[in-house]
Amino acid sequence: MVKHDFTIHAGQDFNINYVVPEDSDRVLTGFKGVCKIRKRPNEAVVFELTAAVEEKSVTFSLSGATSAAKKVNGKDFVYDAFIYNDSDHIKLGYGKITFIQDISMH
């Protein structure tokens, strides 16, 4: 599990990528991914990122169009990312998200 903090600028595509270490025989085929951004851990979901799971990696994505369209209160949020299947539930990462809402139009 990795703790990492990010900054998201509204209107900019954002991705988080987790890769299986080269020396691991872990295969992610058959897993689903979920990554959610909330104001606080026990509050409603503000953004749910799209998950693309491949054999040796998973990428969570938030489109710039989605982040630009959403008006949020505040700039400090938290996220966590998981993969899961019928028998496994693995937390990949968590941390703080700083959301910058200003979009430059020039």
Side-chain angles (χ1 to χ4, degrees):
M1 179 173 36
V2 177
K3 181 184 185 308
H4 196 91
D5 299 333
F6 296 101
T7 298
I8 297 176
H9 293 268
Q12 183 179 28
D13 291 340
F14 174 75
N15 298 299
I16 303 171
N17 189 35
Y18 295 96
V19 178
V20 175
E22 288 184 26
D23 61 346
S24 173
D25 60 354
R26 169 71 78 176
V27 174
L28 304 182
T29 305
F31 280 87
K32 294 179 183 178
V34 63
C35 182
K36 297 179 180 181
I37 298 173
R38 305 168 192 266
K39 185 70 177 160
R40 301 284 171 259
N42 59 346
E43 293 184 11
V45 174
V46 176
F47 294 108
E48 184 164 356
L49 282 66
T50 302
V53 180
E54 299 180 12
E55 183 179 358
K56 291 289 190 174
S57 68
V58 58
T59 301
F60 297 101
S61 303
L62 178 65
S63 75
T66 300
S67 67
K70 185 107 175 188
K71 300 300 178 204
V72 297
N73 292 325
K75 68 174 193 167
D76 296 323
F77 297 85
V78 295
Y79 79 95
D80 54 9
F82 292 86
I83 55 172
Y84 65 95
N85 61 19
D86 291 338
S87 60
D88 252 341
H89 185 257
I90 303 167
K91 187 170 186 173
L92 299 174
Y94 69 101
K96 184 174 88 172
I97 298 280
T98 301
F99 188 74
I100 309 299
Q101 209 152 327
D102 295 332
I103 299 175
S104 175
M105 298 306 222
H106 55 282

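All figures in this text were calculated on a predicted structure; none of them were measured in a lab. One-based numbering along the sequence shown.
- We find the OH-CZ distance between Y94 and F82 to be 11.5 Å, quoted to the nearest 0.5 Å.
- Looking only at side-chain heavy atoms (C-beta outward), L28 and E55 stay at 4.5 Å or farther from each other.
- Taking 4.5 Å as the limit, every side-chain heavy atom of Q12 sits out of range of all side-chain heavy atoms of F14.
- Taking each heavy atom of V58 and L92 in turn, the nearest pair found is CG1-CD1, 3.5 Å.
- With hydrogens and angles disregarded, a donor-acceptor distance shorter than 3.5 Å links the side chain of S67 to the backbone of G64.
- With respect to K56 and D25, no salt bridge is recorded, no charged nitrogen being found less than 4.0 Å from a carboxylate O.
- A cation-pi geometry, defined here as NZ or CZ lying under 6.0 Å from the six-membered ring centre and within 45° of its normal, does not hold between K75 and F77.
- Within the 4.5 Å cutoff, the side chain of H9 has no heavy atoms near those of the T98 side chain.
- Side-chain contact between L62 and D13 is absent, with no heavy-atom pair separated by less than 4.5 Å.
- The two residues A68 and A10 make their nearest non-hydrogen contact at CA-CB, 4.3 Å.
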I'd like a table of donor-acceptor pairs (distance under 3.5 Å, sequence neighbours excluded) in which one partner is a side-chain atom from residues 37-54, with atom names and distances.
{"from": "R38", "atom 1": "NH1", "to": "E43", "atom 2": "O", "distance (Å)": "2.9"}
{"from": "K39", "atom 1": "NZ", "to": "D76", "atom 2": "O", "distance (Å)": "3.2"}

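- In this structure, Y79 and C35 approach most closely via the heavy-atom pair CD1-SG, 4.0 Å.
- Between F60 and A81, the shortest heavy-atom distance links the atoms CE1-CB, 3.7 Å.
- Side-chain contact check for K3 versus D5: some heavy-atom pair is nearer than 4.5 Å.
- Heavy atoms only, all atoms of each residue included: S63 and T66 are closest at OG-OG1, 2.8 Å.
- At least one side-chain heavy atom of I90 sits under 4.5 Å from a side-chain heavy atom of F31.
- To the nearest 0.5 Å, atom CD1 of residue I97 and atom CD1 of residue I16 are 5.5 Å apart.
- Nearest heavy-atom pair across V19 and N17 is CG2-ND2, 3.5 Å.
- For the residue pair N15 and T59, no side-chain donor N or O sits within less than 3.5 Å of a side-chain acceptor on the partner.
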Decide side-chain contact (heavy atoms from CB on, under 4.5 Å) for V72 and Q101; before the verdict, give the C-alpha distance in whole Å, the side-chain angles of both, and the deciding distance to 0.1 Å. CA-CA 8 Å; V72 297; Q101 209 152 327; 3.3 Å; yes
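- By the 6.0 Å contact criterion, CG on D86 is open, its count of non-hydrogen atoms from other residues, nucleotides or ligands being 12 or less.
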